[in-house]
Each structure stands twice: as structure tokens, then as C-alpha cells.
Protein chains: 2
Amino acid sequence: MTTDHGALRLWLRLLACTNLIEAPLRQQLRRSFGESLPRFDLMAQLERHPQGLSMRELSERLMVTGGNVTGLTDRLVSQGWVMRQAAPGDRRRVTVRLTAAGRRQFKLMAREHEAWVQSLLGGLDPADQTQLFELLGRLKRSLRNPSIRTAPADRAPR
Amino acid sequence: MTTDHGALRLWLRLLACTNLIEAPLRQQLRRSFGESLPRFDLMAQLERHPQGLSMRELSERLMVTGGNVTGLTDRLVSQGWVMRQAAPGDRRRVTVRLTAAGRRQFKLMAREHEAWVQSLLGGLDPADQTQLFELLGRLKRSLRNPSIRTAPADRAPR
DNA sequence: TATTGTTATACTCTATAACTATA
DNA sequence: TATAGTTATAGAGTATAACAATA
């Protein structure tokens with residue numbers, strides 16, 4: 001690499017791999033269940049948090065704006081996979097949870113989903129998979145915890 | 001996890017990392033240049049192929065349908081960054097290339113883009129970066145070349 | 001007949017901002 | 001005033017299918 005560009009090349013490769021996996025997964029999710037990846041992700045968050053999450057927490061975890069979480073949730077509610085509950089103590093707040101049917105549906109989708117993922121990743125040596133998992137963990141931590149900012153921070157003022 | 005789930009966990013982690021990087025990049029790209037990631041990616045493909053690419057090739061590389069490539073290209077043409085040329089020898093075919101202005105604009109964006117990427121990835125140990133780059137290369141090859149299909153193949157017929 | 005590319009359509013996701021109701 | 005959530009709107013991305021021109 002002539003003038004480094006290491007970080008950029010790493011990012012492009014990361015993006016390429018993600019897209020190579022994500023594109024078929026999205027297609028299969030839609031064809032088999034008529035579901036979109038953002039809605040699947042929302043349900044996955046709720047699966048991991050059985051006590052429910054507020055709209056704000058969902059917004060942060062899914063990294064989309066509040067208005068969009070409302071839209072995603074509306075659709076999931078109308079499908080019957082998700083419910084809104086009044087949160088105790090703060091009447092502004094809403095708690096979103098999976099319904100019993102939503103939990104069943106999610107498990108169904110997750111099982112298929114996992115089979116597809118295994119099929120896609122099956123070509124990679126298991127030892128490499130393990131190592132990759134570990135390295136991505138470090139990357140993730142460094143992204144969530146930008147202790148060292150080499151470039152001008154993007155504190156997102158506004 | 002009890003029953004392995006290794007591949008799924010690897011995928012979820014990969015996706016999380018990509019999203020943590022992609023979200024701020026998309027915002028910055030829009031705020032600084034009013035550009036979207038798909039259009040940036042299309043320009044990046046053309047930058048790598050100065051002789052131009054056909055709509056079909058773009059469709060494959062960007063992994064979106066032909067109709068969508070037409071739409072992306074239309075917008076880039078109206079902005080003046082990209083041009084359509086008749087392909088010699090096959091009058092159905094169109095060759096898409098960067099204009100001189102488009103090449104300048106892309107270089108400008110790419111420079112900013114790279115600085116953002118370096119800032120985001122700067123928290124990861126350089127040795128880990130190198131190793132991650134290598135492993136992702138293997139993953140990418142295995143995805144492009146599914147020599148061993150452990151699960152029922154998704155040959156994507158039609 | 002098959003391929004290349006365009007057009008049309010419908011749906012979804014995204015960002016922004018104004019708004020309500022609480023706090 | 002600030003926060004939680006909703007609503008409204010506009011702009012894009014996506015998938016599908018029908019279509020024209022060419023091979």
C-alpha cells in the first residue's frame with residue numbers, strides 16, 4: 001500500500017464482506033417471511049431484552065431516528081409481533097415488547113436466518129472464524145469507546 | 001452459547017461493526033457533500049475502472065437491480081459527475097464513466113472519507129488492523145467462491 | 001429467444017422538523 | 001425548558017415486472 005490507506009482498505013473490505021452476506025440474507029428474509037432487516041433487527045433487540053425497551057433505547061440501539069422507530073414499531077404492532085405498554089412512573093414513556101406470537105415468529109425466523117448464515121460463512125475455516133470473531137470484538141469496543149481520537153472529533157454538535 | 005451459534009454470532013458482530021462505522025460515514029457524506037453512500041460507491045467503482053463499466057457490470061458489483069442502477073446513474077449524470085457512452089460493437093450496451101469533474105469530485109470526497117475512516121478505526125491497534133484485514137480477505141474469498149457448500153445451496157435460480 | 005437497458009410502480013427506509021404530552 | 005414520543009413530509013433505495021431495442 002503506497003501511502004498507507006490501510007484504514008480505508010480495511011473499511012472497504014469490511015463493507016464488502018457485510019454486503020456480500022447482507023444482500024442474500026435480506027432477500028431470503030423477505031421471500032420467506034415478508035420481513036425487512038430493520039424490522040428483524042428491532043425484534044432481535046426485543047428478544048434480547050424481554051423486559052422491553054423504550055422508543056428512545058430502540059432508537060439508539062438501531063441507530064435510526066425516533067420518528068423511524070415509531071414507523072417500524074407501528075408496522076410490527078399491526079402485524080401482531082410487538083406491543084406498546086405504558087411505562088410505570090413516567091407517562092411520557094412507552095415500553096415496547098414482543099408479544100407471545102412475536103416471540104414465536106422471531107424464533108422461527110431466527111432459526112432460518114441462522115441456517116442461511118451458517119451456509120454463507122461455512123466456507124471460512126473454523127479457526128479463522130474464531131479469530132475473526134475475537135478481532136471484531138476488539139474493533140467493536142474501540143468504536144464504542146473512542147478513547148483515542150487521532151483526528152478531529154466528530155462530536156456531532158448541532 | 002450452548003449449541004454453538006458461532007456463525008450467527010460472528011455475523012451479528014460483523015454487522016454491528018459495519019453499522020457503527022457506516023452510520024456516521026453516511027451522515028458526514030451527506031452533510032459535507034450532499035451525497036449518498038450508494039452513489040459514492042458507484043463513483044468508487046468507476047474510479048477503479050477508468051475505461052468504464054456497463055450498467056450490467058455496475059448492477060453486479062453494487063448488488064442492486066438494473067432498474068436501480070439506472071436511477072442512481074440518472075442522478076449522477078444530472079449532477080455532472082458521470083456520463084453515458086455508446087459501447088462500440090453492441091448497440092444495446094451503455095458504458096458509464098466518470099467525467100473529469102466527477103473524478104475531481106470523487107477525489108475530494110474520497111480524501112475526506114478516508115480521514116473519517118482513519119478517525120473511526122484509529123482506536124484499533126495497528127497489528128490488529130493488519131490481521132483483521134487479512135482475515136476479512138479470506139472471508140471475502142470464501143463468500144465469492146463458495147467451493148464448499150455445507151448447507152443446502154442457495155443457487156439463486158432464475 | 002436471450003440480453004441490455006429503461007420505465008413504471010409500490011413499498012420501505014431515512015432525515016428533518018413541527019407538534020403533543022408530560023416532566 | 002427539556003424530554004419522550006408522534007406525525008408529516010420529502011428524498012432515496014429497493015424489488016418486481018413490463019417494455020423497447022438489439023443480438
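Below, read A as the first sequence line, B as the second, and so on, with proteins coming before strands; counting in each chain starts at 1.
Proximity of Arg31(A) to the phosphate of dT14(D): no side-chain N or O atom is located under 4.0 Å from OP1 or OP2. The shortest distance between the side-chain N/O atoms of Arg75(A) and the OP1/OP2 oxygens of dC13(C) is below 4.0 Å. Contact annotation: Ser36(A) side-chain N/O to dC11(C) OP1/OP2 distance is not under 4.0 Å.
Rounded to whole angstrom, the span from the CD atom of Glu60(A) across to the P atom of dG5(D) amounts to 10 Å. As a whole-Å value, the separation of Gln79(B) CD from dG11(D) C1' is 13 Å. One atom, CE of Met55(A), and another, C1' of dT3(D), lie 15 Å apart when rounded to the nearest Å. Between the C1' atom of dC13(C) and the CZ atom of Arg26(B) lies a distance of 9 Å, rounded to the nearest Å. Per the geometry, CG belonging to Asn68(B) stands 12 Å off C1' belonging to dT12(C), to the nearest Å. To the nearest angstrom, P of dG13(D) lies 14 Å from CG of Leu58(B).
With hydrogens and angles left out, the side chain of Arg56(B) and the base of dT4(C) share no donor-acceptor pair within 3.5 Å. Counting atom types as modelled, Arg92(A) pairs a side-chain N or O with a base atom of dT3(D) as donor and acceptor under 3.5 Å.
Contacts of Thr65(A) with the nucleic acid, taken as non-hydrogen atoms under 4.0 Å apart, include base atoms.
Distances from the side chain of Arg91(A) to the nucleotides dG13(D), dA15(C), dT22(C) place dT22(C) closest.
Note that CG of Leu136(B) and CG of Leu132(A) are 5.5 Å apart. Values are rounded to the nearest 0.5 Å.
Aromatic pair Phe40(B)/Phe106(B): ring centres closer than 6.0 Å.
Between Ser54(A) and Arg39(B), it is Ser54(A) whose nearest contact on DNA chain D lies nearer the 5' terminus.
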